[in-house]
Structures are given as structure tokens and as C-alpha cells.
Visitor: 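A single structure is presented below for examination.
Numbers here are sequence positions counted from 1.
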Amino acid sequence: MKKLLYISAILVLAACNKPKDKAAELADLKKQSADINIKITKLEAEIGTKDSVKSTDVTVFDVKAQKFTNYVALQGHIDALDNVMAYSQSPGVITALNVKAGDHVDKGQVLVQLDNSVFNQQIAQAQTQVSLNKTLYDRQKNLWDQKIGTEVQYLQAQTALQNSEKQVAILRQQSAMYRITSPIMGTIDQMDLKLGQVIQPGANGIRIVNADNLKIKADVPESYAANIKQGDNVQVVVPDANDSLMAKVTFAAKVIDPASRSFGVEIKLPSSKSLRPNMTAVIKIANYSKPNALIVPINAIQHSEAGDYLFVNKNGTAKRVNVKVGSTYGGESEILSGITAGDEVVIRGASDIEDGDKIKVSQSGN
């Protein structure tokens with residue numbers, strides 16, 4: 001009996017160690033996989049985490065053809081076209097002050113008189129001599145007309161009269177040097193003179209300004225020499241006067257300053273009570289303009305070693321487009337090639353996406 005039980009145990013162990021059928025094993029695994037997939041799907045439906053392609057929120061800019069103008073921004077100062085200092089031409093003592101600061105004066109008006117009493121006496125004497133020589137000349141001419149006397153006597157009388165008249169003219173010119181006259185029409189802007197004060201030529205002058213005739217002077221780097229010319233439009237901003245206006249370049253120098261490597265420009269200004277000489281002015285000269293340019297915000301442009309590029313929205317997919325960038329001004333750049341009007345260019349979120357990524361437009365701008 002014991003021997004029979006021993007043989008049965010051996011047969012059972014042999015049956016357990018027999019290899020399992022592979023086809024049956026594969027069928028079993030597939031069944032397990034199907035059951036697992038069913039459970040996964042059920043769980044995803046319950047917790048809302050179905051696998052989907054992730055999209056990035058972006059803001060796009062609608063490209064359209066519009067006018068683009070590039071400006072060169074510079075700083076200059078306001079000057080008067082007529083801003084001069086009037087000085088005495090001779091030393092002397094001030095005997096009369098005919099104007100004061102703030103007075104309006106005409107061209108040629110006498111502003112200050114210096115002591116010229118010596119010349120006045122000499123002029124009076126010379127005029128007496130002129131009167132005498134005139135009388136002698138008239139008498140000699142009358143005799144000459146009657147064929148009385150010689151021609152030499154007539155010519156001597158004529159010459160004496162002419163010389164005495166010239167002497168008076170010279171004395172009057174010298175006397176005129178003892179006064180200060182206004183060379184222009186304008187307003188007395190600076191004057192610090194007193195009666196009895198002794199002044200010298202070229203010192204203690206009077207400033208006369210015509211504030212109705214102003215201009216802006218500025219220096220432009222030589223790199224813009226080919227782009228800026230007379231007649232260009234200019235935006236003028238005067239911060240201290242809280243004023244702005246449009247003007248034109250009235251003068252552009254042809255010579256480059258060798259020290260500063262710049263050339264001067266001038267812009268004539270219309271009359272304005274708020275503008276004064278020596279005020280600082282910011283000028284923006286239009287050096288390039290295109291009526292139908294394609295422009296994008298500068299932050300939309302991405303950079304790489306291969307060049308500049310943009311991302312364009314193509315039915316919810318980001319497409320990388322290589323572009324050629326032109327002028328940039330005011331936070332906008334002109335795109336010369338690579339895009340067309342109607343394209344939606346990604347401007348916000350561009351740094352977070354790659355070519356082919358799914359995108360979601362959260363906001364559109366113009």
C-alpha cells in the first residue's frame with residue numbers, strides 16, 4: 001500500500017512540472033490586458049484625465065498693410081534766427097539810456113548814447129566852414145557863369161566846398177560810433193548798463209532777440225547723412241513748454257564736423273509765446289516712410305543663429321516662419337519678407353512654443 005502511494009505522488013509531481021501551452025498563456029495575457037484597458041478607460045472617464053495633446057495659450061497680432069514711418073530721435077536747442085548783441089564801437093561815458101529790458105525796438109533805433117560832445121563841437125565848426133565855402137562857391141560860380149574870373153578860381157572854390165562837406169560827414173560817422181543802435185527789430189532781452197558808466201568796445205553789450213523768429217539747431221550723426229535732407233518732416237517736442245508740433249528741416253549741412261562726426265540741421269519754428277531761445281527740444285526726423293508696410297510688434301520677433309523668425313498661427317498649430325526685418329521704431333518692426341497680410345503672428349507666448357506645437361489663441365490684437 002505504501003508503495004502504491006509513493007508511485008501516485010511521483011506521477012502528480014511529474015504532471016505539475018510539465019511545460020504550459022504557450023498559446024494558452026498568450027490568450028490569458030491578452031484577456032488580462034483587455035481587462036486592464038477597460039479599467040483604465042473607466043477610471044479616466046471618472047477623473048477626467050483622458051490623454052490629449054497639450055496646447056499653449058498665446059496672444060496673436062493680425063498683420064495688415066499700413067503706413068510705417070521711421071524717425072531719427074535727436075536732442076537740440078531752440079535759438080532765435082535774430083539773436084544778437086549790440087555793442088559800442090568806441091569807449092565812452094554813458095549819457096543817455098533810451099530803452100530798458102523788455103522794450104520792443106526797431107532796426108537802427110538808438111539804444112544808448114555815449115558822451116560825444118567833442119565831436120559835436122567839431123561838427124559845428126565844420127558846418128560853419130561848409131557854410132562859408134558854400135557862399136564863396138556860389139559867388140565864384142556866378143562870376144564864372146558871366147565869364148568873369150578864371151577856371152582855376154572856380155575849381156578851387158568847388159573843391160573847398162566838397163572837402164568841407166566830406167569833413168562834416170567823417171565827423172558825423174565818428175560821432176555815431178559813440179552810441180549803441182539796434183541791428184534788428186526785436187525785444188531787449190538783456191541790458192545791464194547805467195548812466196555815467198564807462199564802457200569799452202565789445203563789452204557791456206545789449207542783447208536783442210526776435211522771439212517771433214525761432215529755429216531748432218541739432219547735430220545729426222554722420223550715419224544718417226544719406227537719409228536726412230532739407231524738407232523732411234519733423235516731430236518737435238519741447239518738454240519744458242509742454243508743447244509739440246510738426247515742422248520741416250529747413251537746413252541740412254553738407255559738411256561733416258571732423259571732431260564730432262556729425263552734421264548740423266535747423267528747423268524753423270512757427271511763432272509761439274511758449275517757446276524761448278535755449279530751450280531743449282526733442283526732434284524726430286522722418287528718414288523713411290512706406291504707405292503699405294507689414295509691421296509687427298518687436299516682441300513677436302524671435303532670434304537664432306540662423307536668423308530672425310516668427311510663429312504664425314495655422315489652424316491652431318504654431319508654424320515657424322523665417323523673416324527679414326527692416327526698420328524698427330516705436331516698438332514696431334517692418335517685416336520685408338516671410339509673412340503676408342492676414343497672418344496671425346504670435347506676440348505673447350512665442351518663447352514658450354516650438355514649431356508644430358498646438359496653440360490656443362486667448363487674445364487677438366491689431
Side-chain angles (χ1 to χ4, degrees), residues 76-131 133-134 161-219 238 240-241 250-251 253 264 266-281:
H77 69 278
I78 297 177
D79 193 13
L81 288 172
D82 296 325
N83 181 4
V84 298
M85 293 290 293
Y87 297 98
S88 168
Q89 299 181 61
S90 298
V93 179
I94 297 176
T95 58
L97 295 173
N98 300 327
V99 294
K100 62 182 183 300
D103 286 353
H104 179 81
V105 295
D106 295 321
K107 183 177 180 179
Q109 181 177 336
V110 178
L111 310 178
V112 175
Q113 180 64 57
L114 305 183
D115 183 8
N116 63 343
S117 57
V118 174
F119 283 99
N120 289 337
Q121 294 176 1
Q122 294 177 353
I123 290 172
Q125 293 175 357
Q127 286 178 330
T128 300
Q129 187 64 42
V130 169
S131 297
N133 290 339
K134 182 68 167 58
L161 175 61
Q162 292 173 346
N163 287 339
S164 60
E165 289 176 339
K166 289 180 180 178
Q167 183 63 28
V168 171
I170 292 173
L171 291 172
R172 284 178 175 168
Q173 288 179 352
Q174 293 176 338
S175 178
M177 297 174 66
Y178 284 79
R179 62 190 181 193
I180 302 176
T181 59
S182 176
I184 62 170
M185 180 180 70
T187 302
I188 302 297
D189 189 65
Q190 179 183 340
M191 178 176 176
D192 187 21
L193 299 175
K194 299 177 181 179
L195 284 174
Q197 180 179 350
V198 178
I199 60 175
Q200 300 293 328
N204 306 107
I206 300 174
R207 181 179 296 278
I208 304 105
V209 176
N210 186 351
D212 295 330
N213 203 1
L214 300 177
K215 64 181 177 181
I216 294 176
K217 300 175 70 175
D219 293 326
V238 185
D240 293 337
T250 53
F251 170 76
E266 294 182 1
I267 299 100
K268 187 175 181 180
L269 298 176
S271 178
S272 175
K273 293 183 179 179
S274 63
L275 303 181
R276 298 185 179 183
N278 295 324
M279 275 185 168
T280 298

Visitor: Under 3.5 Å, side chain of His77 to main-chain N/O of Ile216, donor-acceptor pair present?
Guide: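 Not a single qualifying donor-acceptor pair exists.
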Visitor: Can you tell me if Asp103 uses its side chain to pair, donor with acceptor, with the backbone of Val105 under 3.5 Å?
Guide: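 No, Asp103 side chain to Val105 backbone: no donor-acceptor pair under 3.5 Å.
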Visitor: Pick one: which of Ile208, Asn213, Val209 meets side chain to side chain contact (heavy atoms under 4.5 Å, CB included) with Ile184?
Guide: Ile208
Visitor: Between Met85 and Gly205, which heavy-atom pair has the shortest distance, and what is it?
Guide: CE-C, 3.7 Å
Visitor: Find the distance between OH (Tyr87) and CG (Asn204) and round it off to the nearest 0.5 Å.
Guide: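 CG of Asn204 is found 9.0 Å from OH of Tyr87.
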Visitor: What distance do Leu161 atom CG and Lys166 atom NZ have between them, rounded to the nearest 0.5 Å?
Guide: 11.0 Å
Visitor: Go through the steps to decide whether Thr250 and Lys215 satisfy the test side chain to side chain contact (heavy atoms under 4.5 Å, CB included), and finish with yes or no.
Guide: CA-CA 9 Å; Thr250 53; Lys215 64 181 177 181; 6.0 Å; no
Visitor: With distance as the sole test, does Asn98 use its side chain to make a donor-acceptor pair with the main-chain N or O of Val110 at under 3.5 Å?
Guide: yes
Visitor: Does the pair Ile188 and Lys100 meet the rule for a side chain to side chain contact (heavy atoms under 4.5 Å, CB included), with working shown?
Guide: CA-CA 7 Å; Ile188 302 297; Lys100 62 182 183 300; over 6 Å; no
Visitor: Write down the atom of Ala86, the atom of Thr181, and the distance for their closest heavy-atom approach.
Guide: CB-O, 3.7 Å
Visitor: Could you tell me whether a side-chain N or O of Gln113 sits under 3.5 Å from a main-chain N or O of Tyr178, the two making a donor and an acceptor?
Guide: yes
Visitor: Hey, could you give me the CG/OG1 distance between Asn133 and Thr128, rounded to the nearest 0.5 Å?
Guide: 11.0 Å
Visitor: Quick one: are Ile94 and Lys194 in side-chain contact, heavy atoms under 4.5 Å?
Guide: no
Visitor: State, to 0.1 Å, how close Val238 and Met279 come at their nearest heavy-atom pair, and which atoms those are.
Guide: CG1-SD, 3.9 Å
Visitor: Are Gln167 and Gln125 packed together at the side-chain level, in the sense that at least one heavy-atom pair is separated by less than 4.5 angstrom?
Guide: no
Visitor: Heavy atoms, side chains only, cut-off 4.5 Å: are Met191 and Asp189 in contact?
Guide: no
Visitor: Restricting to side-chain hydrogen bond (donor to acceptor under 3.5 Å, both in side chains), what partner residues turn up for Ser272, sequence neighbours left out?
Guide: Ser274
Visitor: When rounded to the nearest 0.5 angstrom, what is the spacing between CG in Asn83 and CG in Asn278?
Guide: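 These two atoms lie 7.5 Å from each other.
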Visitor: On a heavy-atom basis, which atom in Ser175 and which in Asn116 lie closest, and how many Å separate them?
Guide: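 What the structure gives for the nearest pair is OG-ND2, 2.6 Å.
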Visitor: Counting only heavy atoms from other residues, nucleotides and ligands, does the tally under 6.0 Å from CZ of Arg276 exceed 12?
Guide: no
Visitor: Is the number of heavy atoms from other residues, nucleotides or ligands within 6.0 Å of CG (Asp192) greater than 12?
Guide: no
Visitor: Has the side chain of Ser182 got a donor or acceptor atom that lies under 3.5 Å from a matching backbone atom of Gln109?
Guide: no
Visitor: To the nearest 0.5 angstrom, please state how far the CD atom of Gln89 sits from the CE atom of Met177.
Guide: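 So the gap between those two atoms works out to 5.0 Å.
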Visitor: With rounding to the nearest 0.5 angstrom, report the CD1 to CD1 distance, Ile180 to Ile206.
Guide: 4.5 Å
Visitor: As a quick check of understanding, evaluate side chain to side chain contact (heavy atoms under 4.5 Å, CB included) for Leu97 and Leu195, giving each step before the final call.
Guide: CA-CA 7 Å; Leu97 295 173; Leu195 284 174; 4.2 Å; yes
Visitor: Just by distance, do the side chain of Ser88 and the backbone of Ser90 share a donor-acceptor pair under 3.5 Å?
Guide: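 Pair found, side chain donor or acceptor close to backbone of Ser90.
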Visitor: Taking all heavy atoms of Thr187 and all of Gly102, pick out the closest pair and write down the distance.
Guide: CG2-O, 3.6 Å
Visitor: Using a 4.5 Å cut-off on heavy atoms from C-beta on, say whether the side chain of Leu214 contacts that of Asp79.
Guide: no
Visitor: What pair of heavy atoms forms the shortest contact from Pro91 to Gln200, and how long is it?
Guide: CB-OE1, 3.4 Å
